[in-house]
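Accompanying notes for the structure given below.
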Amino acid sequence: MKLTVVGCTGSMSGPFSPASSYLVQALGEDPQTGQERVFNVLMDLGPGSFGALWRYIDARKIDAVLFSHLHADHIADVVSLHVHRRWFPTGPLGPILLAGPDGLMDRVRGVDGVGPEETYAGEFTPHILTAGEPITVGPMTFTPYPANHTVPAFGFRVQGPSEGNPLEQVELAYTGDTDTCDSIIDMARGVKLLMSEAGFTKADKPRGVHLTGERAGAIAKEAGVELLVLTHIQPWTDPRVVIEEARMEWEGAISTAYAGATYTI
């Protein structure tokens, strides 16, 4: 599998990156043609991310979009995706899987500013996430784990073929927005890469909203991950502060996400 950071700025788009969006890709057999191709799945699609995605793939070739939760900084560019798929010059592109927590399509309509008569049937096949029930897209499996956030939210554990050896299965995890909780620790156990939000620093006191670098480091330590990638850092926060806080708990490999970063797993 390959993970590309399309956008990673916390809570909004920023001067150097769109808001949250992560592209996961893997080579597998197309069930319709029987031919091998690359499958493309997006985890979240925050403001500015759909346009940025064009730098990395042909946007017509998206297979699925999975929303960790329904806050605008993680879903707002779904409207751009809808327009692209409905009004592409050569004709409609057809529906793709759109998965998210309960209330998904009402939320999409709210962002778009339309009424219940809009079904998006030509663009999206909606699916409501259920904890522990995996979603399979090509050779990849995405299993949602409940997160600790201000609205219903999930992290995803992703399994798929290794880039180095397609016969070997590898795993990564993405926290979405969350504070510390047992289910997110379970999600991360033993993965090669943990993409963990760190929207807060030690200066932020509220709980049940975001992780800090320190709390993300503690999850990585307890879960025994190989690489910790810190993301969803606010545009006013120096990433070095988040790294320093994570180092209070985590001694392993670490980096901060940036738009365009790729990780081969």
Side-chain angles (χ1 to χ4, degrees), residues 1-8 13 17-129 134-142 144 156 158 160-161 174 259-260 262:
M1 290 190 294
K2 184 170 77 169
L3 173 67
T4 299
V5 178
V6 180
C8 58
S13 58
S17 173
S20 296
S21 186
Y22 307 93
L23 172 66
V24 188
Q25 298 172 285
L27 187 66
E29 183 178 305
D30 190 309
Q32 295 182 337
T33 67
Q35 302 296 312
E36 277 200 328
R37 69 171 178 88
V38 175
F39 286 79
N40 302 296
V41 178
L42 288 165
M43 297 186 296
D44 291 337
L45 195 61
S49 61
F50 182 70
L53 177 69
W54 293 33
R55 302 172 187 165
Y56 311 111
I57 63 168
D58 181 339
R60 293 174 294 178
K61 296 182 178 180
I62 299 170
D63 291 287
V65 178
L66 279 59
F67 291 137
S68 61
H69 65 292
L70 302 180
H71 277 155
D73 62 313
H74 289 253
I75 74 161
D77 260 18
V78 68
V79 177
S80 300
L81 174 61
H82 143 65
V83 170
H84 181 262
R85 298 197 70 80
R86 180 174 291 185
W87 301 107
F88 196 78
T90 57
L93 300 176
I96 59 171
L97 177 68
L98 189 73
D102 192 31
L104 170 65
M105 297 315 294
D106 284 341
R107 181 65 168 138
V108 172
R109 282 187 282 266
V111 174
D112 198 12
V114 297
E117 69 281 357
E118 174 60 80
T119 67
Y120 302 100
E123 296 77 60
F124 304 131
T125 302
H127 175 87
I128 301 303
L129 296 171
I135 294 172
T136 299
V137 183
M140 296 177 285
T141 300
F142 296 77
F156 297 109
V158 188
Y174 166 53
T262 59

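Positions are given from 1 along the sequence.
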inquiry  = Could you check whether Asp112 pairs with Arg109 (Lys NZ or Arg NE/NH1/NH2 to Asp/Glu carboxylate O, under 4.0 Å)?
reply    =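 Looking at Arg109 together with Asp112, the answer is no, because their closest N to O distance does not fall below 4.0 Å.
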
Separation of [Y] [atom2] from [X] [atom1] (nearest 0.5 Å):
X: Leu27; Y: Met140; atom1: CG; atom2: CE; value: 10.0 Å
X: Leu42; Y: Asp77; atom1: CG; atom2: CG; value: 10.5 Å
X: Phe156; Y: Thr141; atom1: CZ; atom2: OG1; value: 13.0 Å
X: Met105; Y: Leu98; atom1: CE; atom2: CG; value: 5.5 Å
X: Leu70; Y: Leu104; atom1: CG; atom2: CG; value: 6.0 Å
X: Leu53; Y: Ile62; atom1: CG; atom2: CD1; value: 5.0 Å

Looking at every heavy atom in both [X] and [Y], which two are closest together, and how far apart are they?
X: Leu129; Y: Pro101; result: CD1-N, 4.1 Å
X: Ser80; Y: Phe50; result: CB-CD2, 3.7 Å
X: Cys8; Y: Ala259; result: SG-N, 3.9 Å
X: Pro47; Y: Ser13; result: O-CB, 3.8 Å
X: Ala59; Y: Trp54; result: CB-NE1, 3.4 Å
X: Ala26; Y: Met1; result: CB-CG, 4.0 Å

Report yes or no: does [X] contribute a side-chain atom to a donor-acceptor pair with the main-chain N or O of [Y] at less than 3.5 Å?
X: Asp30; Y: Arg37; result: no
X: Thr125; Y: Pro95; result: no
X: Asn40; Y: Lys61; result: yes
X: Arg60; Y: Leu93; result: no
X: Asp44; Y: Gly46; result: no

Does any non-hydrogen side-chain atom of [Y] lie less than 4.5 Å from one of [X]?
X: Phe142; Y: Met43; result: yes
X: Ile135; Y: Val41; result: no
X: Lys2; Y: Tyr56; result: no

inquiry  = Would you call the rings of Tyr22 and Tyr174 parallel, tilted or perpendicular, taking 30° and 60° as the class edges?
reply    = tilted

ask   = Hey, what's the ring geometry for Phe124 with Tyr120, parallel, tilted or perpendicular (30° and 60° as the breaks)?
value =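 Taking Tyr120 first and then Phe124, their aromatic rings sit tilted (interplane angle of 30° to 60°).
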
request  = In sequence, state the C-alpha distance, the side-chain angles, and the governing distance for Ile57 and Gln25, and then conclude on side chain to side chain contact (heavy atoms under 4.5 Å, CB included).
outcome  = CA-CA 10 Å; Ile57 63 168; Gln25 298 172 285; 3.4 Å; yes

request  = Please test Val65 against Val78 for side chain to side chain contact (heavy atoms under 4.5 Å, CB included), starting from the C-alpha separation and ending with a verdict.
outcome  = CA-CA 9 Å; Val65 178; Val78 68; over 6 Å; no

task = Please indicate whether Glu117 has more than 12 foreign heavy atoms, meaning atoms of other residues, nucleotides or ligands, lying under 6.0 Å from its CD.
result =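 Yes, enclosed.
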
